[in-house]
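So the structure is just underneath, and the comments pick up after that.
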Amino acid sequence: AITKEQDALVKLIVEAYNKHQIPQDVTKKLLQEQYSTEENFLLLTEIATSQVQVLVEFTKNIPGFLSLDHEDQIALLKGSAVEAMFLRSAQVFSRKMPKGHTVVLEERIRKSGISEEFITPLFNFYKSVGELHMMLEEQALLTAITILTPDRPYVKDQQAVERLQEPMVELLKKLCVLQHPQEPQYFARLLGRLTELRTLNHYHAEMLTSWRVNDHKFTPLLCEIWDV
Ligand SMILES: Cc1cc(C(=O)O[C@@H]2C[C@H]3CC[C@]2(C)C3(C)C)ccc1N
């Protein structure tokens with residue numbers, strides 16, 4: 001069973017995860033705006049910008065994160081932004097969004113200048129996350145674990161990050177056993193998603209480059225988090 005401390009930690013992480021959602025006006029635009037490639041790209045830019053804002057707020061609420069070395073905090077955010085954003089958008093896409101929105105968002109992603117070679121792995125990932133039917137605690141912990149990956153580039157004090165990540169991995173493992181007794185492999189499957197996530201980093205970098213080449217404009221926040 002989980003200890004009192006672990007129960008408190010789960011509650012903090014879930015509270016942080018729930019605190020910030022994509023603003024309504026952004027999701028409303030999904031249905032209203034017309035379907036030109038330019039309009040779709042602008043919508044995705046708004047979604048990505050708001051996803052990164054949500055990610056920064058969630059990260060600040062991870063217990064212990066703000067006590068890390070400040071440069072390491074930045075290195076963890078920049079190093080995990082793509083993975084955390086894809087993980088959260090996969091969860092929103094497969095679970096939270098009303099059916100109508102999912103279809104529209106998929107359509108806009110497919111017609112926004114993103115090359116097919118990235119679209120396929122992206123929707124495969126969305127599908128594999130959706131099939132897990134993750135519970136909220138699992139989603140929140142998995143996102144926090146992704147952010148607290150010690151071996152991101154430029155992290156100086158990796159041990160300090162490990163000391164935050166390890167208890168969360170242990171806690172997620174316990175929760176999986178408790179909440180999915182009929183599926184002993186469930187925890188391993190969740191960690192497998194993190195491996196799949198890492199492959200998306202490469203595709204995402206390609207996506208940014210191809211947009212840059214066609215001189216699409218990004219928001220200052222996206223330029224800062226992805227050094228573009
Ligand atoms: C620099 C930049 C990046 C993205 C992005 O990563 O979008 C991600 C691709 C899909 C998966 C997560 C996204 C926010 C998505 C739902 C649009 C979108 C626009 C943009 N100007």
Side-chain angles (χ1 to χ4, degrees), residues 17 20-59 77-132 134 139 142-143 146-147 152 193-228:
Y17 193 75
H20 305 280
Q21 303 295 336
I22 305 283
Q24 284 304 323
D25 66 313
V26 175
T27 48
K28 212 162 70 248
K29 278 187 190 166
L30 269 180
L31 297 174
Q32 280 162 358
E33 301 295 329
Q34 20 128 354
Y35 270 79
S36 72
T37 311
E38 294 71 36
E39 273 306 322
N40 290 342
F41 172 75
L42 290 175
L43 264 175
L44 296 192
T45 303
E46 269 195 75
I47 293 173
T49 303
S50 110
Q51 289 256 28
V52 171
Q53 284 160 342
V54 164
L55 167 67
V56 170
E57 286 314 306
F58 170 65
T59 305
L77 261 174
K78 288 169 74 105
S80 68
V82 173
E83 292 171 31
M85 185 179 70
F86 283 130
L87 188 54
R88 179 183 275 271
S89 65
Q91 287 149 2
V92 168
F93 192 83
S94 50
R95 314 271 293 147
K96 293 283 286 287
M97 263 191 186
K99 202 77 204 113
H101 282 66
T102 310
V103 168
V104 165
L105 178 57
E106 172 157 358
E107 197 49 39
R108 291 187 185 279
I109 293 174
R110 289 185 184 282
K111 291 197 174 44
S112 61
I114 300 176
S115 79
E116 198 50 42
E117 64 164 315
F118 178 57
I119 296 286
T120 309
L122 173 67
F123 286 110
N124 287 343
F125 177 70
Y126 278 8
K127 192 161 160 288
S128 63
V129 167
E131 282 162 359
L132 285 170
M134 288 166 68
Q139 291 180 32
L142 199 62
T143 306
T146 304
I147 295 163
R152 297 292 185 196
R193 294 290 71 79
L194 296 190
T195 310
E196 188 178 354
L197 257 183
R198 286 195 172 218
T199 64
L200 292 178
N201 275 306
H202 157 75
Y203 289 112
H204 188 263
E206 300 276 303
M207 182 178 89
L208 294 189
T209 311
S210 75
W211 271 334
R212 277 317 256 176
V213 159
N214 304 319
D215 142 38
H216 282 73
K217 66 172 183 49
F218 298 164
T219 56
L221 180 60
L222 296 180
C223 293
E224 198 173 330
I225 197 112
W226 289 318
D227 295 328
V228 284

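When a ligand or atom number is given, it counts from 1 through the structure's own listing order.
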Problem - Minimum heavy-atom distance T37-G113, with the two atoms named - result: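 Closest approach of T37 to G113: CG2-N, 3.8 Å.
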Practice task
Could you pull out the closest heavy-atom pair between F125 and E196, with the gap in Å?
Solution key: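 Where F125 meets E196 most closely, the heavy atoms are CA-OE2, 3.3 Å.
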Is there a side-chain contact between [X] and [Y] (heavy atoms, below 4.5 Å)?
X: L222; Y: V228; answer: no
X: V52; Y: W226; answer: yes
X: V104; Y: R108; answer: yes
X: I114; Y: L44; answer: yes
X: E116; Y: R110; answer: yes

Practice task
Could you check whether the rings of F118 and Y203 sit parallel, tilted or perpendicular, using 30° and 60° as the cut-offs?
Solution key: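 F118 vs Y203 ring planes: tilted.
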Exercise for the section: If the plane angle is over 60° it's perpendicular, under 30° parallel, otherwise tilted; pick one for W211 and H216. Expected result: tilted
Proximity to ligand 1 by part of [X], non-hydrogen separation under 4.0 Å:
X: L222; result: side chain
X: L208; result: side chain
X: A48; result: both

What protein heavy atom lies closest to [atom]? Include the residue and the distance to one decimal.
atom: atom 17 (C) of ligand 1; answer: L44 CD2, 3.5 Å
atom: atom 6 (O) of ligand 1; answer: H204 NE2, 2.7 Å
atom: atom 21 (N) of ligand 1; answer: T45 OG1, 3.0 Å
atom: atom 12 (C) of ligand 1; answer: F86 CE2, 3.5 Å

Practice task
Say whether Y126, considering both its backbone and side-chain N or O atoms, lies within less than 3.5 Å of an N or O atom on ligand 1.
Solution key: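 Y126 vs ligand 1: no N/O contact under 3.5 Å.
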Taking 4.0 angstrom as the limit and counting only heavy atoms of [X], give me the atoms of ligand 1 inside it, by number and element.
X: M207; answer: 4 (C), 5 (C), 6 (O)
X: F41; answer: 21 (N)
X: F218; answer: 1 (C), 21 (N)

Problem - Per atom 13 (C) of ligand 1, closest listed option by heavy atom (R88, M85, K217) - result: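 Looking at heavy atoms only, M85 sits closest to atom 13 (C) of ligand 1.
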Practice task
Consider ligand 1: state whether an atom of it lies below 4.0 angstrom from any non-hydrogen atom of Y203.
Solution key: no
